[in-house]
Amino acid sequence: MAEAKWYVIHTYSGYENKVKTSIEQAIENRKLQDQILEVAVPLQEVVELKNGTRKSASKKMFPGYVLVNMIMNDDTWYVVRNTRGVTGFVGPGSKPVPLTEEEMLPLGINGKPEVVMDFEVGDNVTVVSGVWENTVGVIKAINEHKQTVTINVDMFGRETPVEISFTEIKKIDF
C-alpha cells in the first residue's frame, strides 16, 4: 500500500476552514478515513498590540492554502480537487507534489515530536552524540523553539559558545 504524504491545496482566500470541513465531511461520507488521514490549516499564535493592549490571536500561516495528509490515488485526488473552494493542488501542471520532511518541520505538523526538556540555565550537561560527544559544559541559554541549548566549551584554551540539540545532551547530577 502506498505511503500517505502531505500535499498543499490552494483555496479561495478566507475559505480555508470551510474547505477543511468539506473535505472532512467527504472523507466520512465516502469512507476514505484510511486514505485521507488529516486535513490541516496551519495556525500561529501572534501577539497584537491594539490601543496599548496586548491581545493573543491565532493567524493562518498560509492564507489561501490547506494541508492534506493522504495517499494519492484517483479517488482521493478527485475528492479533494472537486471540493467547493479548492482551486487545485500545488505542483507543476496538474501533478501534485508532496511536501518533504524538512518542509513539514517548521510547520509543527507531523514533524519530530517536541522534546520535553528538564534543563535550566546553569545546569551542567554532557554531550552524548554528535561532533561534541563527551564534552562537558554549562547551559548558558535555552531556545525552546529550535529545541537547542547553548553551552560553553573549551576550544583552543578559550570558552566558546556552541549550540546543541536537546536530544544530544544529558544532565549531569553531582
Side-chain angles (χ1 to χ4, degrees), residues 2-11 13-17 19-20 23-24 36-72 89-92 95-174:
E3 184 183 342
K5 294 187 177 164
W6 284 95
Y7 294 89
V8 180
I9 54 176
H10 187 264
T11 67
S13 190
Y15 281 73
E16 300 88 354
N17 292 326
V19 166
K20 178 182 189 280
I23 292 173
E24 288 170 345
I36 302 177
L37 309 176
E38 190 177 350
V39 184
V41 178
L43 300 172
Q44 66 184 25
E45 284 296 315
V46 177
V47 177
E48 298 175 334
L49 282 171
K50 286 188 178 176
N51 302 328
T53 310
R54 298 185 87 150
K55 276 180 141 177
S56 184
S58 291
K59 297 247 180 183
K60 293 180 183 104
M61 289 175 89
F62 309 107
Y65 295 94
V66 175
L67 302 177
V68 182
N69 188 10
M70 62 189 243
I71 297 169
M72 184 60 72
F89 281 92
V90 173
K95 186 176 188 317
V97 176
L99 293 173
T100 64
E101 288 271 333
E102 293 78 32
E103 291 169 327
M104 290 303 297
L105 284 177
L107 304 179
I109 301 172
N110 199 33
K112 294 177 186 168
E114 289 225 3
V115 176
V116 178
M117 58 96 185
D118 60 345
F119 310 114
E120 294 178 15
V121 172
D123 283 350
N124 290 310
V125 294
T126 184
V127 181
V128 294
S129 66
V131 178
W132 298 99
E133 189 170 359
N134 299 325
T135 303
V136 176
V138 177
I139 296 178
K140 298 297 178 191
I142 299 173
N143 184 334
E144 289 188 34
H145 181 69
K146 287 172 59 179
Q147 297 192 353
T148 61
V149 296
T150 301
I151 65 171
N152 280 348
V153 297
D154 189 35
M155 190 182 335
F156 306 119
R158 286 186 155 166
E159 289 280 307
T160 306
V162 176
E163 195 173 71
I164 301 191
S165 169
F166 286 175
T167 58
E168 295 179 9
I169 59 173
K170 186 172 91 176
K171 191 172 179 177
I172 300 174
D173 295 320
F174 287 106

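Hydrogens, waters and symmetry mates play no part in the numbers below; they use all other heavy atoms, side chains included.
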- With distance as the sole test, does E16 use its side chain to make a donor-acceptor pair with the main-chain N or O of G14 at under 3.5 Å?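 Pair found, side chain donor or acceptor close to backbone of G14.
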Under 4.5 Å between any side-chain heavy atoms of [X] and [Y], yes or no?
| X | Y | value |
| --- | --- | --- |
| I23 | I9 | yes |
| W132 | V162 | yes |
| M72 | P96 | yes |
| K170 | V125 | no |
| I169 | T126 | no |
| L67 | V39 | no |

- Item | Y65 ring center within less than 6.0 Å of H10 ring center | yes
Minimum-distance pair of heavy atoms, taken over all atoms of [X] and [Y]:
| X | Y | result |
| --- | --- | --- |
| G91 | V97 | CA-CG2, 4.0 Å |
| P42 | F62 | CG-CD1, 4.1 Å |
| L37 | A4 | CD1-CB, 3.4 Å |

To the nearest 0.5 Å, how far apart are [atom1] in [X] and [atom2] in [Y]?
| X | Y | atom1 | atom2 | answer |
| --- | --- | --- | --- | --- |
| E38 | K20 | CD | NZ | 8.0 Å |
| I142 | E120 | CD1 | CD | 7.5 Å |
| K140 | T150 | NZ | OG1 | 11.0 Å |
| T148 | I139 | OG1 | CD1 | 10.5 Å |
| I164 | E133 | CD1 | CD | 11.0 Å |
| E163 | E168 | CD | CD | 10.5 Å |

- Task: Give the C-alpha distance, both sets of side-chain angles, the deciding distance and a yes or no for side-chain contact (heavy atoms from CB on, under 4.5 Å) between N152 and T160.
- Result: CA-CA 5 Å; N152 280 348; T160 306; over 6 Å; no
- Identified side-chain contact (heavy atoms from CB on, under 4.5 Å) counterpart of V138 within the set N124, D123, V121, V149: N124
